[in-house]
Student: 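This is the structure, below, for whatever I ask next.
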Amino acid sequence: MTTHALNDTTVLTRRSLRHILRSPDTIITTAITPIAMLLLFVYVFGGAINVGGGNYVNYLLPGILLITVASGIAYTAFRIFTDVSTGVFERFQSMPIARSALLWAHVLTSVVANLVSLALVILVALAMGFRSSAGLLAWLEVVGILVLFTLALTWLAVIPGLTAKSVDGVSGFSYPLIFLPFISAAFVPTEGMPGPVRWFAEHQPVTPIVNTLRNLYADQPVGNDGWVALGWCVGLLAVAYALAIRTYRTKIA
């Protein structure tokens, strides 16, 4: 990224962040659903779910964090859709602004907003009894995986943000992402699932990611799940980025 593009991205990112600061309920709303799910599963279903001992909130938290990200990127898609539908994108394109800055500003804003939402969810989990024996390095690895996952879903959100024809269309794409953790090891171990469901749960990206996060903050070896989770995050990011850039170029052509 050239200095010109970097400066433009910085300016446009500040613009997007100011929009969020003027409407802080966006971040709060993004965190409400995951926090409500955290409360529901721990205090209503937690006593009936056998996860092999230990604190259920510790077991549950990684899946809730991924749902938080999936909820947050819906707002990223909406912000891009708003810029496109109101003509802001076209207005910026007529100005001497690096075209890449338009997308990167939204992407960086998404990362910042989602990190704030994730912090809120973790604070609630701590109040509910979540505890970690992990050191600083392990927590940095947790943050790194969550940032990669956020970047992957954010670039995926760029596509409906650019192509959707209505608000319902742009917001609806995140629903499958939010519900994907339910068919994984995020809420219960996969061992008790029926054959085909268990196979899907063990071979979709959420399971190795939640297992890796769970082991990291429990200060346990991540094993092969760590490499699988990293491969999923990087692979999804690469594919989503390529498709988003192609969609953007088609849109502005």
Student: Step by step, would you call T247 with V158 a side chain to side chain contact (heavy atoms under 4.5 Å, CB included)?
Tutor: CA-CA 9 Å; T247 303; V158 168; over 6 Å; no
Student: Working to the nearest 0.5 Å, report the span between OG1 of T212 and CD of E141.
Tutor: 10.0 Å
Student: Where do P181 and A186 come nearest, in terms of heavy atoms and distance?
Tutor: O-CB, 3.5 Å
Student: Inspect the surroundings of CH2 in W227 and state if more than 12 heavy atoms from other residues, nucleotides or ligands are less than 6.0 Å away.
Tutor: no
Student: Counting only N and O atoms by type, is there a donor-acceptor contact under 3.5 Å from the side chain of S117 to the main-chain atoms of A113?
Tutor: yes
Student: Do the ring planes of F41 and F45 sit parallel (below 30°), tilted (30 to 60°) or perpendicular (above 60°)?
Tutor: perpendicular
Student: Can you tell if the side chain of M193 reaches within under 4.5 Å of the side chain of V188, non-hydrogen atoms only?
Tutor: yes
Student: Apply side chain to side chain contact (heavy atoms under 4.5 Å, CB included) to L103 and I245, showing your working.
Tutor: CA-CA 9 Å; L103 289 186; I245 294 299; 4.2 Å; yes
Student: Answer with yes or no after comparing the ring centroid distance for Y217 and F130 against a 6.0 Å cut-off, counting only values under it.
Tutor: yes
Student: Under 4.0 Å between a side-chain nitrogen and a carboxylate oxygen: does that hold for R15 and D83?
Tutor: yes
Student: Is there a chain of hydrophobic side chains (I, L, V, M, F, W, Y, each step under 4.5 Å between heavy atoms) that links L236 to V142?
Tutor: no
Student: Just verifying a value: how many Å separate L115 CG and T68 OG1, rounded to the nearest 0.5 Å?
Tutor: 11.5 Å
Student: Indicate if L137 and L213 have the same hydrophobic cluster label, given that clusters are the connected sets of ILVMFWY residues with side-chain heavy-atom separations under 4.5 angstrom.
Tutor: no
Student: Give, for atom CG of L151 and atom SG of C233, the distance between the pair rounded to the nearest 0.5 Å.
Tutor: 10.0 Å
Student: With the 4.5 Å side-chain cut-off for hydrophobic clustering, are L40 and I183 part of the same group?
Tutor: yes
Student: I want to check something: taking the side chain as every heavy atom from C-beta on, are L65 and I122 in contact at a cut-off of under 4.5 Å?
Tutor: yes
Student: Show the nearest heavy-atom pair for residues N114 and G72, with the distance to one decimal.
Tutor: OD1-CA, 3.4 Å
Student: If every non-hydrogen atom of A164 is compared with every non-hydrogen atom of F81, which pair is closest and at what distance?
Tutor: O-CE1, 3.5 Å
Student: How long is the span from the CZ atom in F78 to the NE2 atom in H106, to the nearest 0.5 Å?
Tutor: 11.5 Å
Student: Taking the side chain as C-beta and beyond, is there a heavy-atom pair between L216 and I145 under 4.5 Å?
Tutor: yes
Student: Kindly compute the distance separating OH (Y241) from OH (Y248), expressed to the nearest 0.5 Å.
Tutor: 11.5 Å
Student: Locate the shortest heavy-atom distance separating A77 from A157; write the atom from each residue and the value.
Tutor: CB-O, 3.5 Å
Student: Can you tell if the side chain of L39 reaches within under 4.5 Å of the side chain of M128, non-hydrogen atoms only?
Tutor: yes
Student: Give the C-alpha distance, both sets of side-chain angles, the deciding distance and a yes or no for side chain to side chain contact (heavy atoms under 4.5 Å, CB included) between N55 and R131.
Tutor: CA-CA 9 Å; N55 194 346; R131 296 295 181 268; 5.8 Å; no
Student: Is there a path of hydrophobic side-chain contacts, each under 4.5 Å between heavy atoms of I, L, V, M, F, W or Y residues, that connects L140 with L230?
Tutor: no
Student: Which class fits the ring pair F187 and F182: parallel under 30°, tilted 30 to 60°, perpendicular over 60°?
Tutor: parallel
Student: Applying the side-chain contact (heavy atoms from CB on, under 4.5 Å) test to V121, which of L126, I67, I35 qualifies?
Tutor: I35
Student: Answer whether the closest heavy-atom distance between the side chains of L120 and V124 falls below 4.5 Å.
Tutor: no
Student: Taking all non-hydrogen atoms of both residues into account, name the closest pair between V170 and P160 and its distance.
Tutor: CG2-O, 3.7 Å
Student: State, to 0.1 Å, how close S184 and T190 come at their nearest heavy-atom pair, and which atoms those are.
Tutor: C-CG2, 4.2 Å
Student: Listing request: all salt bridge (charged side-chain N to carboxylate O under 4.0 Å, His left out) pairs with a residue in residues 103-129, at least two apart in sequence or in separate chains.
Tutor: none
Student: Any salt bridge (charged side-chain N to carboxylate O under 4.0 Å, His left out) pairs touching residues 186-203, not counting sequence neighbours?
Tutor: R198-E202
Student: Got I73 and S110 here, is their nearest side-chain heavy-atom distance under 4.5 Å?
Tutor: yes
Student: If I take atom CZ from residue R249 and atom CG from residue L162, how far apart are they, to the nearest 0.5 angstrom?
Tutor: 13.0 Å
Student: Tell me, please, which residues at least two apart from T109 pass side chain to side chain donor-acceptor pair (under 3.5 Å).
Tutor: none
Student: Is there a path of hydrophobic side-chain contacts, each under 4.5 Å between heavy atoms of I, L, V, M, F, W or Y residues, that connects V44 with Y56?
Tutor: yes
Student: Has S133 got a side-chain atom pairing as donor or acceptor with A218's backbone, closer than 3.5 angstrom?
Tutor: yes
Student: Checking L146 against L66 for the side chain to side chain contact (heavy atoms under 4.5 Å, CB included) test, could you report, in this order, the C-alpha distance in whole Å, the side-chain angles of both residues, the deciding distance, and whether it holds?
Tutor: CA-CA 8 Å; L146 289 173; L66 298 193; 4.1 Å; yes
